[in-house]
Each structure stands twice: as structure tokens, then as C-alpha cells.
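Contents: one structure, followed by commentary.
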Amino acid sequence: MALKDRIAEDINRVFLQMDHFAETHYWNGEEITCVPDEEEALKRKNNNVNDISWDSNTRKILIHVNESEFPGGEAPEPNTHVFFDRKPMRVLDVNINMGMLDILLEARDPREVM
């Protein structure tokens with residue numbers, strides 16, 4: 001079996017395994033299995049862990065989803081508006097990485113106070 005085929009099998013068998021990393025979320029009303037990562041989105045934005053998002057009232061989240069199981073069959077376009085978990089968000093960036101879509105989303109609402 002080719003390495004490319006093994007990686008494609010590992011997407012659902014390992015990375016998007018519900019018992020390990022993956023969670024169920026909603027993309028424009030359709031259920032998807034993905035791995036959300038707010039910490040990585042923050043690091044990509046600032047290239048460090050200093051968070052200044054409270055100042056601009058935005059929240060960013062990076063989601064990883066299987067490209068072949070993404071609703072609609074193709075990756076979203078940057079700067080389009082979507083509903084993720086029933087919240088309006090804007091697609092900032094999309095990367096295709098070995099069968100996975102890395103989608104960076106931005107919401108125009110502040111982070112929750114803990």
C-alpha cells in the first residue's frame with residue numbers, strides 16, 4: 001500500500017477518531033466531524049501566545065476536517081461567511097494538507113470570560 005493511501009486511512013482511523021481528538025460540530029447546519037483548535041489559531045495569528053483578540057472583539061478558531069467528507073464536496077473560499085455551531089463566522093484561510101482541510105474561522109464576538 002502506498003504512503004498516500006495509508007495517510008488517507010489514518011485520517012479517520014487516528015486523527016478524526018471520536019474517542020481521541022475529534023468532536024461533532026455543525027457547518028451551515030450539517031453535522032461534521034472535526035478537530036477544533038483555538039490555541040493553534042492564536043499561535044498562527046500572533047506567532048506567539050500573547051492574546052490581543054479581546055481588543056478587537058474577535059475570536060478565531062482553526063478546524064481540521066476530512067476533505068472527502070466536507071459538506072458540499074469542496075473547500076470553502078476565503079472571505080465567505082458560514083455558520084459554525086450555529087454562530088456566524090467568516091472563513092479567513094483554507095489549507096489542504098494531505099487530505100485534511102485546515103479552515104481558519106473568525107467570529108465577531110468576544111471570548112467568554114472565565
Side-chain angles (χ1 to χ4, degrees):
M1 179 181 288
L3 177 61
K4 179 179 169 181
D5 297 329
R6 287 183 185 229
I7 291 171
E9 283 183 5
D10 283 348
I11 288 174
N12 286 331
R13 191 171 52 84
V14 178
F15 192 63
L16 290 176
Q17 179 64 253
M18 292 297 283
D19 294 338
H20 299 289
F21 303 109
E23 301 172 359
T24 300
H25 290 271
Y26 294 91
W27 181 272
N28 288 336
E30 292 187 47
E31 195 172 279
I32 63 169
T33 300
C34 65
V35 176
D37 191 348
E38 288 192 50
E39 185 177 330
E40 181 62 28
L42 178 64
K43 288 178 183 177
R44 285 183 180 201
K45 179 178 80 170
N46 295 333
N47 203 21
N48 61 35
V49 293
N50 296 325
D51 185 3
I52 60 168
S53 63
W54 59 270
D55 192 36
S56 62
N57 283 335
T58 63
R59 184 173 60 94
K60 290 184 176 59
I61 186 168
L62 179 68
I63 63 169
H64 307 280
V65 63
N66 189 337
E67 181 182 15
S68 66
E69 296 177 5
F70 191 74
E74 47 184 74
E77 292 290 321
N79 208 28
T80 56
H81 294 270
V82 299
F83 285 94
F84 182 71
D85 287 343
R86 299 178 177 94
K87 293 180 185 173
M89 296 192 155
R90 183 169 61 109
V91 177
L92 294 181
D93 191 27
V94 178
N95 292 313
I96 301 172
N97 187 8
M98 303 277 305
M100 294 288 291
L101 292 175
D102 301 332
I103 304 170
L104 182 61
L105 300 171
E106 177 184 63
R108 290 280 175 198
D109 61 335
R111 291 177 149 215
E112 296 177 7
V113 177
M114 305 229 183

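All values reported here derive from a predicted model rather than from experimental measurement. Position 1 is the first residue of the sequence; numbering continues from there.
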Spell out, as yes or no, whether a donor-acceptor pair under 3.5 Å connects the side chain of Asp85 to the backbone of Tyr26.
yes

Is the shortest heavy-atom distance from the side chain of Ile103 to the side chain of Pro76 under 4.5 Å?
yes

Measure the CD-CD1 distance between Glu23 and Ile63 for me, rounded to the nearest 0.5 Å.
11.0 Å

Is any side-chain heavy atom of Ile61 closer than 4.5 Å to one of Asp37?
no

Rounded to the nearest 0.5 angstrom, the CE-SG distance for Met100 and Cys34 is 9.0 Å

Could you check if a side-chain atom of Leu105 sits within less than 4.5 angstrom of a side-chain atom of Val91, using non-hydrogen atoms only?
yes

How far apart are the C-alpha atoms of Val65 and Trp27, what are their side-chain angles, what is the distance that settles it, and do they pass the side chain to side chain contact (heavy atoms under 4.5 Å, CB included) test?
CA-CA 11 Å; Val65 63; Trp27 181 272; over 6 Å; no

Taking every heavy atom of Ala75 against every heavy atom of Val94, the minimum-distance pair comes out as CB-CG1, 3.9 Å

Please find the pair of heavy atoms, one from Thr80 and one from Glu77, that lie closest to each other, and give the distance.
OG1-O, 2.6 Å

Scan for ring-ring contact (aromatic ring centres under 6.0 Å, His included) pairs involving residues 73-102, sequence neighbours excluded, and state none if there are none.
His25-Phe84

Can any side-chain N or O of Asn95 pair as donor or acceptor with the backbone N or O of Asn97 at less than 3.5 Å?
no

Determine the sole option in Glu106, Arg108, Met89 for which the side-chain contact (heavy atoms from CB on, under 4.5 Å) test with Arg59 is passed.
Met89

Lys60 versus Leu62: any side-chain heavy-atom pair under 4.5 Å?
no

